[in-house]
Amino acid sequence: MIIAARKSLEEIRNMLSGYKRILVVGCGTCVTICWAGGEKEVGILSSQLRLASSKDGNELSVMEAVVERQCEKEMVIEELGDKVPGVEAILSMGCGAGVQTMAELFEEKPIFPALNTTFIGMPEKEGLWLEMCGACGDCFLDRTGGICPVVRCAKGLLNGPCGGNLETRCRK
Ligand code: SF4
Ligand code: SF4
């Protein structure tokens with residue numbers, strides 16, 4: 001799945017400066033699982049934005065929504081079709097694919113990314129995700145014992161263990 005992490009509140013607020021009515025849109029799939037952009041995180045960020053703007057004396061209207069998969073146009077239109085006309089800008093809490101899907105669909109609105117998309121990975125244990133794939137476009141895991149050297153070798157070596165190995169296995 002796609003792993004992402006939220007940008008700082010300061011960076012997000014800088015992107016949104018000048019807008020008075022925004023829609024914060026989460027994604028119910030990958031970024032929900034990695035706790036970056038699901039319903040809970042949409043609620044937290046929206047509250048932070050409202051609080052910070054009212055402290056500054058700038059009333060910001062923040063609407064909230066979550067699309068099951070933000071990278072699927074049909075789902076985005078079904079969930080957001082009636083919400084988008086009423087806002088000036090959209091803040092996406094999906095990965096980069098979600099942000100771009102919405103930018104294509106809602107050309108007339110500025111779309112801002114609230115997350116940094118970091119890698120393709122898997123959950124190792126609670127709160128820890130491991131990078132597993134660099135989306136190289138030519139998977140050769142059949143020749144590497146099911147371990148991806150593109151992202152899991154510290155040196156990115158494709159041709160077997162280097163001099164730092166211990167009894168043929170990587171020390172990592
Ligand atoms: S937009 Fe698509 S790929 Fe990105 S987090 Fe959501 S479901 Fe995953
Ligand atoms: S070789 Fe590694 S980076 Fe390339 S597709 Fe396979 S898992 Fe992903």
Side-chain angles (χ1 to χ4, degrees), residues 1-53 55-56 58 60-73 75-76 79-80 83-84 87-139 147-156 172:
M1 67 188 197
I2 306 290
I3 310 296
R6 207 194 84 183
K7 291 177 181 288
S8 71
L9 185 62
E10 188 187 5
E11 186 177 352
I12 293 169
R13 291 193 73 212
N14 282 340
M15 285 190 287
L16 295 173
S17 79
Y19 295 101
K20 297 280 180 208
R21 294 187 315 281
I22 64 157
L23 174 63
V24 179
V25 185
C27 179
T29 308
C30 319
V31 293
T32 289
I33 295 169
C34 69
W35 307 341
E39 190 175 354
K40 187 179 88 188
E41 292 77 25
V42 166
I44 291 169
L45 176 57
S46 299
S47 300
Q48 289 176 329
L49 288 169
R50 289 185 197 105
L51 194 65
S53 64
K55 268 189 185 167
D56 289 353
N58 301 315
L60 180 67
S61 159
V62 183
M63 284 176 66
E64 302 175 27
V66 178
V67 179
E68 189 178 340
R69 283 194 293 281
Q70 210 177 99
C71 52
E72 285 202 23
K73 288 182 177 176
M75 288 185 177
V76 175
E79 183 62 39
L80 305 183
K83 298 183 176 79
V84 169
V87 298
E88 296 171 328
I90 301 171
L91 181 63
S92 166
M93 295 192 81
C95 74
V99 177
Q100 291 177 72
T101 302
M102 293 212 293
E104 252 190 49
L105 285 172
F106 307 116
E107 278 180 331
E108 73 289 0
K109 304 278 176 183
I111 316 282
F112 299 108
L115 304 185
N116 293 322
T117 305
T118 44
F119 55 80
I120 300 172
M122 69 164 203
E124 170 74 352
K125 57 183 181 182
E126 200 167 312
L128 178 67
W129 293 271
L130 297 183
E131 186 170 13
M132 302 302 278
C133 172
C136 74
D138 185 17
C139 193
I147 299 169
C148 174
V150 175
V151 296
R152 297 185 66 198
C153 169
K155 299 174 183 173
K172 193 178 164 198

Contact list for residues 102-124, test salt bridge (Lys or Arg N to Asp or Glu O under 4.0 Å), sequence neighbours left out: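 Found Lys73-Glu104.
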Would you tabulate the side-chain donor-acceptor contacts of residues 87-95 under 3.5 Å, counting partners in other chains and residues two or more places apart, or write 'none'?
residue: Glu88; atom: OE1; partner: Lys20; partner atom: N; Å: 2.5
residue: Glu88; atom: OE1; partner: Arg21; partner atom: N; Å: 3.2
residue: Ser92; atom: OG; partner: Gln70; partner atom: OE1; Å: 2.5
residue: Ser92; atom: OG; partner: Gly94; partner atom: N; Å: 3.0

Just list the side-chain donor-acceptor pairs under 3.5 Å for residues 38-49, sequence neighbours left out, or say none.
residue: Glu41; atom: OE1; partner: Gly38; partner atom: N; Å: 2.8
residue: Ser46; atom: OG; partner: Val42; partner atom: O; Å: 2.7
residue: Ser47; atom: OG; partner: Gly43; partner atom: O; Å: 2.9
residue: Gln48; atom: OE1; partner: Arg6; partner atom: NH1; Å: 2.7
residue: Gln48; atom: OE1; partner: Arg6; partner atom: NH2; Å: 3.2

Test item: Thr101 side-chain N/O and Glu72 main-chain N/O as donor-acceptor pair under 3.5 Å: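 Side chain of Thr101 to backbone of Glu72, a donor-acceptor pair under 3.5 Å: no, none is there.
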In chain order, what residues pass the salt bridge (Lys or Arg N to Asp or Glu O under 4.0 Å) check against [X], with sequence neighbours excluded?
{"X": "Asp56", "value": "Arg13"}
{"X": "Glu131", "value": "none"}
{"X": "Glu64", "value": "Arg50"}

Pair listing, ring pair (Phe, Tyr, Trp, His ring centres under 6.0 Å) test, anchored in residues 4-46, at least two apart: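 Qualifying pairs, neighbours excluded: Tyr19-Phe112, Trp35-Trp129.
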Quick one: list whatever passes side-chain contact (heavy atoms from CB on, under 4.5 Å) with [X], sequence neighbours left out.
{"X": "Ser17", "value": "none"}
{"X": "Ala4", "value": "Val31, Ala36, Leu115"}
{"X": "Lys155", "value": "Cys153, Leu157, Cys162"}
{"X": "Met132", "value": "Met122, Leu130, Arg152"}

Nearest heavy-atom neighbours spanning Ser53 and Leu60: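 Shortest heavy-atom separation between Ser53 and Leu60 comes out as OG-CB, 3.3 Å.
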Nearest non-hydrogen partners of Met1 and Ile33, listed with the distance: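 Scanning both residues completely, I find the closest heavy atoms to be CE-CG2, 3.5 Å.
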Is any side-chain heavy atom of [X] closer than 4.5 Å to a side-chain heavy atom of [Y]?
{"X": "Ile3", "Y": "Ile120", "value": "no"}
{"X": "Met102", "Y": "Leu80", "value": "yes"}
{"X": "Glu68", "Y": "Cys27", "value": "no"}

Side chain to side chain donor-acceptor pair (under 3.5 Å) against Asn58, all qualifying residues, sequence neighbours excluded: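 If we apply the side chain to side chain donor-acceptor pair (under 3.5 Å) test to Asn58, skipping adjacent residues, there are no hits.
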